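Report on the structure given below.
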2 protein chains.
Amino acid sequence: MTTPRWEPRRLSAVAVELPEGVTPPGTRGRILLSALRLFAEYGFHGTSIRDLAGAAGINSATLYAHYPAKEHVLAELVLLGHTELHRRLQQALVEAPPGPAAQLAALVRAQVGAHADFPLLALVANAELHALSPERAAPALALREQSRELGLRVLRLGVAQGVFHVADPLLAATAIGSMGMQVAHWFGPDQPYTRDQVADTYAGYALQLAGAADVPAKKTARAPGATPAKKG
Amino acid sequence: MTTPRWEPRRLSAVAVELPEGVTPPGTRGRILLSALRLFAEYGFHGTSIRDLAGAAGINSATLYAHYPAKEHVLAELVLLGHTELHRRLQQALVEAPPGPAAQLAALVRAQVGAHADFPLLALVANAELHALSPERAAPALALREQSRELGLRVLRLGVAQGVFHVADPLLAATAIGSMGMQVAHWFGPDQPYTRDQVADTYAGYALQLAGAADVPAKKTARAPGATPAKKG
DNA sequence: GTCTATAAATAGATAGAC
DNA sequence: GTCTATCTATTTATAGAC
């Protein structure tokens, strides 16, 4: 690709940004943000070194002063994305009130929040990870596995305590996780929801799906504000 | 790419096949099946004309006797995938017992079934659609919109009838649809579930998520067999 | 329909001046 | 760090023989 083949369609109005404090300063940061946008829109293989450099306002050769290869730019984004999600999930668990129901709600809110706050990063981290060599994909895959187990543990605990009622916690965790992952594909400022509305609503869905006994089912309304887990 | 960079990771044990009766005979069919596998594994831009031809056992120039360009091969796959899903959803609605609960269950079973039966096709149809020009993506996008509305209508009807209890049917439909879409990313013969087990379980999840009042919540067990919608 | 051969453009990456 | 210039391989696609 030299010049854009056609107008972007995958993600129009979404802000091109990375989590706080992780964007490198100067040119390297501009390269990373350009890659975030282009990889999300056209994919890793659909973006050339010259596209990347052009979007960052530099010559293509200059890119190699900051990254040894195109793959390393993707690797940094993929790792950033998985790290941020895992960090948020862990923090959510720490801050959540005790009990599987509140913890599941907190996890889902954190997952949905992460995917709504950084949809481009989530998209690249998930959809382009396959373009990395196994060695460079491994760290992200390890983080993904850890994140998955956080949810699975909460679900299993909830079933053991009689709070949740699912025959197969693994399948339930997969289904719940799937809801949140897809948020990156459609959420944006053009949607009639705030990120907290989606996060809260999805947390309610997760509890319903898990058959959480005494949890307010009608809390799935369009109430704004995060108000994390004020239910026991 | 000339020779495989590394072993396939995205989808290992999944059969490379298309829905019954749609695979073209002869060389054109071999091209299409090769594209199904390679596009799913490496993406459209990650697969070269020579990869495609080599996998089909022909010279790269021969490909142009069957398709005018690489993009047309992808376009055929993308349209095939969206057509098959829409066809199954429509048929599921026709065959389903009356009532929003049974209809929602039937839709989810059909969606999950389609993604479990043809994960490669679902993956290509969804993840590589962005590589098509707007004109060639349009037919698939139209089908996608129609499929989406099938689910949305059932949810809205169920809410209106007091069978479902969700504040925002659109968001609920999105969440439910997201569960099923992701099935293509993980389901395969290496999983400890049959396609019907996943389909039935996910149908139960959807009803739970939607707050379906009087629906057997414990039917989410690992009971094999499709047995479509024997509940009212 | 299938091939060999090749054109024309673009790819990722490097050399070396400033 | 950034540039111009360039190398080398690969890309999509075509020409023309069989």
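The structure presented is a predicted model; accordingly, all values stated were derived computationally and were not measured. A, B, ... follow the sequence lines: proteins, then strands. Residue 1 opens every chain.
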### Task
Identify which nucleotide among dG12(C), dA13(D), dC3(D) has an atom closest to any side-chain atom of A61(A), counting heavy atoms from C-beta outward.
dC3(D)

### Query
What's the OH-P distance between Y67(A) and dT14(C), to the nearest Å?
17 Å

### Task
Using atom CG of N59(B) as one end and atom P of dT2(C) as the other, report the distance to the nearest whole Å.
11 Å

### Task
Select base, sugar-phosphate, or nothing to describe what L63(A) touches, counting heavy atoms under 4.0 Å on all strands.
nothing

### Query
Is the shortest side-chain N/O distance from T27(A) to OP1 or OP2 of dT2(D) below 4.0 Å?
yes

### Task
State whether Y67(B) and R28(B) meet the cation-pi test: NZ (Lys) or CZ (Arg) under 6.0 Å from the six-membered ring centroid, and within 45° of the perpendicular axis.
yes

### Message
So if I apply the side chain to side chain contact (heavy atoms under 4.5 Å, CB included) rule between F44(A) and each of V73(A), L74(A), V78(A), L77(A), which one comes out positive?
### Response
L74(A)

### Task
Measure from CG on D51(A) to P on dA13(C) and round the result to the nearest Å.
14 Å

### Message
As a test of reading the structure: which of dT2(C), dA13(C), dT2(D) is closest to the side chain of A69(A), going by heavy atoms?
### Response
dA13(C)

### Message
Quick check on dT2(D): is either OP1 or OP2 less than 4.0 Å from any side-chain nitrogen or oxygen of H66(A)?
### Response
yes

### Message
Taking the basic N atoms (NZ, or NE/NH1/NH2) and the acidic carboxylate oxygens, is any pair closer than 4.0 Å for D196(B) and R109(B)?
### Response
no

### Task
Round to a whole Å and report the spacing from CZ of R50(A) to C1' of dT10(D).
13 Å

### Query
What do the steps show when you test T62(B) against N59(B) for side-chain hydrogen bond (donor to acceptor under 3.5 Å, both in side chains), and what is the final call?
CA-CA 5 Å; T62(B) 304; N59(B) 188 279; 5.0 Å; no

### Task
Side chain of S60(A) only, please: which of dT2(D), dA13(C), dA13(D) is the nearest?
dA13(C)

### Interatomic distance, F44(B) CZ vs dT11(D) P [rounded to whole Å]
13 Å

### Task
Measure across G46(B) and R5(B) and return the closest heavy-atom pair with its distance rounded to 0.1 Å.
O-NH2, 3.9 Å

### Atom-to-atom span, CD1 of I31(B) to P of dA13(D) - whole angstrom
13 Å

### Message
If I take atom CD1 in residue I49(A) and atom C1' in nucleotide dC7(D), what distance separates them, rounded to the nearest angstrom?
### Response
16 Å

### Task
Please report, rounded to the nearest Å, how far the P atom of dG12(C) is from the NE2 atom of H45(B).
12 Å

### Task
Remember a base hit wins even if backbone is also touched, and classify T62(B) as base, sugar-phosphate or nothing at under 4.0 Å, heavy atoms.
base

